[in-house]
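Notes follow once the structure below has been shown.
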Amino acid sequence: MSSLWQTVSENVVFVLEFLALIVVMFLIAYVIEKAVKKKNNDTERVLATRKIVVIGVFSAIAAILMVLEFPVPFAPSFYGLDFSELPALIGAFAYGPVAGVMIEFCKILIKLVLKPSSTAFVGELANFSISCMLVLPASVIYLFKKSRKQAILGTVVGTLIMTAFGSCFNVIYLLPKFSELYGIPLDAIIGMGTAINPAIHSISGLVLMCVVPLNLLKGGLVSLITILVYKKLSPILKAAHK
């Protein structure tokens, strides 16, 4: 019974940590967007009603894309490539950083309805937090000056921040937490990486050879597609917002 209670307690703490991270991301996005709106004398609400409707649609698309995850040959099976950041980044460019964070959050909720967690919710936390590290910096940079050059700069910076943050977060928190909640020893997790790449002998090695290239690949592809399609979608999104 005590073991069961300990497990429940650990999961409650994890959920609270997850919620705290969501609140922090939202507050960062809100404060920055509000400040820029004030500077530009923009009196529109950060979350106008029509904007919320579009956020809901984009969240559903993002959730479907999150479920459609592809394995990558250089990483264990619990790492996969998906394009769920694409609707969030497009939405953030169109409606601001708060919209991007909201899409990321709602995406996770919808995904859990479509497909229950297979990683004790650690995968969902990883996806939300690391995705926000792409969406937030990119959309904030674009928010200050909406041009193609600024969009490219934003996505490059966002991809680099996402990769750096994702690497550190995996080593310090995500992989140890996955081991704890899922009941798999860290050595076994490292072994999954070693089976794919014999050069992997540690958590840092696993992150360096699996997480870093995965985040660079994902960030690069999502950024490229966003840059290519956003100009065509922008008039439609602006018309929907009026």
Side-chain angles (χ1 to χ4, degrees), residues 21-22 24-26 28-29 32-33 36 58-59 61-63 65-66 68-76 78-105 107-108 123-175 204-234:
L21 180 62
I22 292 168
V24 169
M25 293 293 182
F26 180 81
I28 291 172
I32 294 174
E33 188 168 339
V36 173
F58 272 42
S59 299
I61 296 172
L65 291 175
M66 187 176 176
L68 300 175
E69 186 179 68
F70 303 95
V72 288
F74 54 81
F78 53 84
Y79 288 121
L81 176 66
D82 68 78
F83 294 92
S84 61
E85 292 85 2
L86 183 58
L89 187 55
I90 292 174
F93 274 5
Y95 303 129
V98 172
V101 174
M102 289 297 295
I103 292 170
E104 288 293 344
F105 172 60
K107 169 191 79 176
I108 297 298
E124 286 73 24
L125 170 62
N127 188 284
F128 172 80
S129 56
I130 296 173
S131 295
C132 282
M133 289 298 105
L134 168 65
V135 173
L136 260 180
S139 60
V140 167
I141 290 172
Y142 184 70
L143 184 66
F144 281 95
K145 185 179 179 182
K146 296 187 176 183
S147 66
R148 185 179 181 86
K149 183 178 180 180
Q150 201 78 349
I152 294 173
L153 174 63
T155 54
V156 170
V157 171
T159 298
L160 294 177
I161 291 176
M162 178 181 75
T163 302
F165 174 83
S167 301
C168 295
F169 201 35
N170 266 272
V171 170
I172 296 170
Y173 183 83
L174 290 174
L175 287 172
S204 58
L206 177 66
V207 168
L208 181 63
M209 298 181 191
C210 298
V211 177
V212 170
L214 176 61
N215 284 334
L216 287 173
L217 177 63
K218 176 185 281 194
L221 290 174
V222 168
S223 298
L224 177 62
I225 297 171
T226 300
I227 297 299
L228 292 175
V229 306
Y230 180 70
K231 187 175 181 180
K232 296 178 180 179
L233 290 176
S234 182

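Throughout, numbering of the chain's residues begins at 1 and tracks the sequence.
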Find out whether Asp82 and Phe70 are in side-chain contact, i.e. whether some heavy atom of one side chain is under 4.5 Å from a heavy atom of the other.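 Asp82 does not reach Phe70 side chain to side chain.
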Could you check whether any side-chain heavy atom of Thr163 comes within less than 4.5 Å of a side-chain heavy atom of Val212, counting everything from C-beta outward?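 Thr163 reaches Val212 side chain to side chain.
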Looking only at non-hydrogen atoms, find the nearest pair between [X] and [Y] and report the distance.
| X | Y | answer |
| --- | --- | --- |
| Lys107 | Ser84 | NZ-OG, 3.1 Å |
| Leu134 | Gly219 | CD2-CA, 4.5 Å |
| Pro137 | Cys132 | CD-O, 3.6 Å |
| Ser129 | Met25 | O-CE, 4.1 Å |

I would like to know whether Ile103 and Tyr95 meet side-chain contact (heavy atoms from CB on, under 4.5 Å); could you show each step before the answer? CA-CA 11 Å; Ile103 292 170; Tyr95 303 129; over 6 Å; no
Under the side-chain contact (heavy atoms from CB on, under 4.5 Å) criterion, do Tyr230 and Leu89 qualify, and how do the steps go? CA-CA 10 Å; Tyr230 180 70; Leu89 187 55; over 6 Å; no
If the condition is side chain to side chain donor-acceptor pair (under 3.5 Å), which residues does Thr226 pass it with, not counting sequence neighbours?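 Side chain to side chain donor-acceptor pair (under 3.5 Å) check on Thr226 returns nothing, list empty.
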When rounded to the nearest 0.5 angstrom, what is the spacing between [atom1] in [X] and [atom2] in [Y]?
| X | Y | atom1 | atom2 | value |
| --- | --- | --- | --- | --- |
| Leu136 | Leu143 | CG | CG | 11.0 Å |
| Ser223 | Leu216 | OG | CG | 10.5 Å |
| Phe105 | Ser59 | CZ | OG | 10.0 Å |
| Phe93 | Ile227 | CZ | CD1 | 5.5 Å |
| Ile90 | Ser139 | CD1 | OG | 13.0 Å |
| Leu68 | Phe83 | CG | CZ | 10.5 Å |

Output all residues satisfying side chain to side chain contact (heavy atoms under 4.5 Å, CB included) with Ile141, sequence neighbours left out; order by chain, then residue number.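 So Ile141 forms a side chain to side chain contact (heavy atoms under 4.5 Å, CB included) with Gln150, Leu153, Val157.
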Quiz question: by atom type and distance under 3.5 Å, do the side chains of Tyr79 and Asn170 form a donor-acceptor pair?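 Present: a donor and an acceptor within the cut-off.
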Would you check if the side chain of Asn127 reaches a backbone N or O of Gly123 as a donor-acceptor pair within less than 3.5 Å?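 Such a contact is absent between Asn127 side chain and Gly123 backbone.
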Check for a donor-acceptor pair, side chain of Glu33 on one end and backbone N or O of Val98 on the other, with a separation under 3.5 Å.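 Yes.
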Scan for salt bridge (charged side-chain N to carboxylate O under 4.0 Å, His left out) pairs involving residues 85-97, sequence neighbours excluded, and state none if there are none.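 Sorted result for residues 85-97: Glu85-Lys218.
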Evaluate Val171 against Val211 for side-chain contact (heavy atoms from CB on, under 4.5 Å), listing each step before the verdict. CA-CA 10 Å; Val171 170; Val211 177; over 6 Å; no
Passes side-chain contact (heavy atoms from CB on, under 4.5 Å), Thr155 versus Tyr142? Steps please. CA-CA 9 Å; Thr155 54; Tyr142 184 70; over 6 Å; no
Within a radius of less than 6.0 Å around NZ of Lys146, do more than 12 heavy atoms belonging to other residues, nucleotides or ligands occur?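 Atom NZ in Lys146 is crowded, with more than 12 foreign heavy atoms closer than 6.0 Å.
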